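Notes to accompany the following structure.
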Amino acid sequence: MVAGNGLFYPIFGFASLVIFIYMSFGDMRLGFEEGPEVSFVGRNGTQFVLDGKPFYINGWNSYWLMVQSVDDYSRPRVREMLKAGAKMGLTVCRTWAFNDGDYNALQTSPGVFNEQAFKALDYVIAEARRHGVRLLLSLVNNLHAYGGKTQYVEWAWQEGVGLSSSNDSFFYDPSIRSYFKNYVKTILTRKNTITGIEYRNDPIILGWELINEPRCMTDPSGDTLQDWIEEMSAFVKLIDKNHLVTVGLEGFYGPNDPKRLTVNPEDWASRLGSDFIRNSKTENVDFTSVHIYPDHWYALDDLCL
Ligand SMILES: *[C@@H]1O[C@H](CO)[C@@H](O)[C@H](O)[C@H]1NC(C)=O
Ligand SMILES: *[C@@H]1O[C@H](CO)[C@@H](O)[C@H](O)[C@H]1NC(C)=O
């Protein structure tokens, strides 16, 4: 009996250690390497396709996933959000893959990255994979929140290379364009520290959005923004041929399109330097977007009375 017990416990101890090791690594492998095959979402004409079949998007917008993943206390919200979305049958989440110079910034100055924030983005992507939710990742903001083009212009100014203090120099200043391209290259070639997959090779990423809601009001002809879109979409495709690319447009018709009078919310919308049709027709742009803010537009209407 005594001998039997003596033999049993060490074996049990060993067995539970093996199970523990299997569960620790098994979880990682199951979730991130040997999990269900994930394919890239592609495009055939005006149809999204996945594994040769039409792919329909039910999506939502949670811009905050990366920034909330940096701090331990808020990180669990990310898993909860993706879990809730997946449970509702949602298939795509749009989120920021940028934070330029703001709190918990990913890019702290041009070409300088905070590894802790990058690991937070790795985590967001790994969690998306775990929940089977694809991500539409946006690369910069037109607005000031999370840095945006204003931050890039300030950096260029601080480094003494900026051509102008106008926020719109983000689009035409060659130094700022190269800051942005360097940023894009770093993101696309990032190797995820959790999944081991380079972002450009990760099919859980639906695609890249060049910029959230671009406006270049200093050139209402639209030529400046169009030129930027052409250059940046081609640059993304040069590094990453796997993923779809979109601009991030609000959807306003430009000054030369007669439809601006019937489709745009108000006259001002045709003078922002963007053009839904022209911008979307760009060779390396795969799909487009429209942002609808009826509440704001009606409020503006009231102000104009
Ligand atoms: C694209 O769609 C067309 C029309 O539905 C179909 O005939 C064609 O096989 C598709 N091409 C690919 C590559 O899936
Ligand atoms: C740049 O944008 C910021 C935020 O929208 C604004 O406060 C600032 O006045 C703008 N600066 C210029 C030079 O346009």
Side-chain angles (χ1 to χ4, degrees), residues 30-61 82 85-95 97 124-139 181 184-185 187-192 195-212 214 225-226 228-254 257 259 263 274-292:
L30 234 81
F32 301 127
E33 284 166 43
E34 290 165 7
E37 276 290 305
V38 183
S39 312
F40 288 99
V41 173
R43 175 177 68 86
N44 182 1
T46 56
Q47 181 84 63
F48 289 116
V49 286
L50 178 62
D51 297 324
K53 293 192 284 273
F55 177 71
Y56 297 101
I57 292 174
N58 294 309
W60 85 100
N61 193 52
L82 290 164
K87 203 171 158 196
M88 290 169 73
L90 304 182
T91 53
V92 176
C93 175
R94 174 175 177 265
T95 195
V124 171
I125 295 169
E127 282 300 306
R129 176 171 281 260
R130 183 193 290 277
H131 293 99
V133 171
R134 281 186 166 70
L135 297 174
L136 176 58
L137 295 177
S138 189
L139 295 166
K181 282 167 128 177
V184 168
K185 188 177 169 199
I187 295 284
L188 300 189
T189 58
R190 164 76 173 182
K191 188 169 179 182
N192 191 310
T195 65
I197 305 170
E198 276 191 21
Y199 289 6
R200 60 177 162 179
N201 294 327
D202 193 341
I204 208 69
I205 297 169
L206 173 87
W208 303 107
E209 180 181 279
L210 298 177
I211 176 169
N212 175 49
L225 181 59
Q226 179 61 24
W228 185 87
I229 290 169
E230 284 171 16
E231 179 167 342
M232 298 310 163
S233 56
F235 185 71
V236 170
K237 292 280 184 175
L238 190 69
I239 299 171
D240 175 358
K241 291 184 176 54
N242 290 318
H243 287 110
L244 300 171
V245 171
T246 191
V247 178
L249 294 170
E250 291 165 279
F252 302 133
Y253 284 65
D257 193 320
K259 278 195 175 167
V263 177
S274 70
D275 185 337
F276 181 66
I277 301 298
R278 184 185 181 199
N279 300 157
S280 303
K281 268 186 175 168
T282 306
E283 190 190 346
N284 289 302
V285 169
D286 295 293
F287 67 98
T288 193
S289 60
V290 172
H291 294 187
I292 301 173

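Every heavy atom of this structure was used, including side-chain atoms; hydrogens, water molecules and symmetry mates were not. Worth saying up front: this structure is predicted, and the values here are computed from it rather than measured. Atoms within a ligand are numbered from 1 in the order they appear, just like the ligands themselves.
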Open item on the list: Please check this pair: side chain of Arg134 against backbone of Pro203, looking for a donor-acceptor N/O pair closer than 3.5 Å.
Closed with: yes
Task: Whether Asn192 side chain and Ile197 backbone form a donor-acceptor pair below 3.5 Å - done: no
- [ ] Identify which one of Asp286, Val236, Ile205 satisfies the side-chain contact (heavy atoms from CB on, under 4.5 Å) criterion when paired with Leu244.
- [x] Asp286
Open item on the list: Less than 4.5 Å apart, side chain to side chain, heavy atoms only: is that true for Thr95 and Leu137?
Closed with: yes
Task: Nearest atoms (heavy-atom pairs only) where Leu136 meets Thr246 - done: CD1-CG2, 4.2 Å
Task: Near ligand 1, at a heavy-atom separation below 4.0 Å: residues by chain and residue number - done: Asn44
TODO: Test the Lys181-Phe235 pair against the cation-pi criterion, namely NZ or CZ under 6.0 angstrom from the six-membered ring centroid and within 45° of the ring axis.
DONE: yes
